[in-house]
Amino acid sequence: MAKREFTSRRAPIFADIPDEKWNDWRWQLSHRLNSIEEIEQVLLLTESEKRALSANHLFRVDVTPYFISLINPSNPNDPIRQQVIPTDAEMDLYTGMMRDSLAEDAHSPVPGLVHRYPDRVLMLVTTQCASYCRYCTRSRIVGDPTAQFSRAEFEMQLDYLRRTPQVRDVLLSGGDPLTLAPKLLEELLSRLRKIEHIEIIRIGSRVPVFMPMRVTDELTDMLQKYHPLWMNIHVNHPNEITQELAQATDRLTRAGIPLGNQAVLLAGVNDCVHTQRQLVQDLVRIRVRPYYLYQADLVVGSGHFRTPVSKGIEIIEGLRGHTSGYAIPTFVVDAPGGGGKIPVAPNYLISQSDHKVILRNFEGFISTYEEPLTYSSHDPSTCAFCQDQRPEPGQRGISGLLDGEAMFIAPQGFSDTHTRSEEIHRLRLDPSEWQPLGIGQPLPDTEEVPAE
Ligand SMILES: *Cc1c(COP(=O)(O)O)cnc(C)c1O
């Protein structure tokens, strides 16, 4: 089978636009389509789309001329169309929907900065995007033309970062950081770089997909001054991978920026093993490593995009072993209420005994791994990295249970509702204090059960 050709498309109404305009990101931004009248010149709109486009309370619509040109105008179910053109379904309510499903606002020590994990933060630096995804997890804040970049908030965020030394990774998102004015973006990066304990900076952006012409040599020359810099882009369907995107990712990777992809699993768009396999294989061809595949969040207006979680497991089952490991993303559910990203995967471990692990592979071949009979455990007292750990305030999680610092994790209020909780805390006995009970004595707190 021959490899897929990446194409380049322009809707007929843009045929006469001179190349220097078409290839200018400022032209693309200022000629975005958002009204029925404009979009109708490119697509034959359905009644449902027209109703949604004339409802003025829905989340903002804007599509770059470049991106709308990738839609097949005669297909109402086109996978790119569904991502950017609203329908009636956005007005549907469903059980479980939330305004801020990831509880980001509740995890923000200062406005626009989400600190949920020990060593890294998410910084929301703008509310603007090049085009608006109908399933946006931040539709509650994104797209508001009156709330752009806030300098006051940025100063508060920097101040928080300066006094929080455990943060070594800062993730710029929004909105889309690459829609910021070039000077402002550079100011953000240079001021973050001045903070000694920040090791890496990441940018989450869909600009290379919505408007690949933004990735100019000037942009990559600027970005590479702030290494180590990583970037995640957002491609959901193979039709989004064009010659222009391939050129943009080539420029970014030549500038030394490792690229990842974060896709969202969307009903009717990419809920298909074969579509996903094509997507991830095309991504590695343009040197983008699939990073996460997200279960759709419980956001108002996006219920029609949701799939069962099992669809994601089925997709990973169809990728692992079947294609390059580099091409396989981690499927995650971002836990509603702010639990963070939780990986969900098919089970490969079938059973275990003292010295054996039974595993199955993608083909259903079942194998035994014989574990060592003797294993001298790692000695933390002679390990420099064990001795010199960054502080990780708060709970150390399941990892803390494994290394024996804690024996259980209990929900808040557990000791109030469980009267025996004091005893639970004394269950672990110190061997040096252990007094064997005399034979025949009943154990404390147990009732004697009369023999039949
Ligand atoms: C996704 C996310 C991160 C980064 O998580 P990684 O798994 O390291 O990519 C950090 N903070 C928040 C709030 C996030 O949602």
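Every number for a ligand or one of its atoms is a count from 1 in the order of the listing. We count residues from 1, following the sequence as given.
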What I want to find out is whether R206 reaches D176 closely enough, with some N-O distance under 4.0 Å, to be called a salt bridge.
no
Got a salt bridge between R191 and E155, using NZ or NE/NH1/NH2 to carboxylate O under 4.0 Å?
yes
Going by the closest heavy atom to atom 10 (C) of ligand 1, which one wins out of Y292, Y117, Y294?
Y117
Under 4.0 Å from a heavy atom of [X]: which atoms of ligand 1 are those, numbered in the order shown and with their elements?
X    : result
L171 : 3 (C), 4 (C)
K341 : 1 (C), 2 (C), 3 (C), 4 (C), 5 (O), 14 (C), 15 (O)
Y291 : 6 (P), 7 (O), 8 (O), 9 (O)
L122 : 11 (N), 12 (C), 13 (C)

Nearest protein heavy-atom contact for atom 13 (C) of ligand 1: which residue, which atom, what distance?
V114 CG1, 3.6 Å
At what distance is the nearest protein heavy atom to atom 8 (O) of ligand 1, and which residue and atom is it?
R120 NE, 2.7 Å
Please state whether R202 comes within less than 4.0 angstrom of ligand 1, counting heavy atoms only.
yes
Ring centres of Y66 and F210 under 6.0 Å apart?
no
Validate the cation-pi geometry between R151 and F154: distance from NZ or CZ to the six-membered ring centre under 6.0 Å, angle to the ring axis within 45°.
no
Please list all pairs meeting side chain to side chain donor-acceptor pair (under 3.5 Å) that have one or both residues in residues 340-349, counting only residues at least two apart or in different chains.
none
Write out all pairs satisfying ring pair (Phe, Tyr, Trp, His ring centres under 6.0 Å) with one or both partners inside residues 170-206, taking only residues at least two apart or from two chains.
none
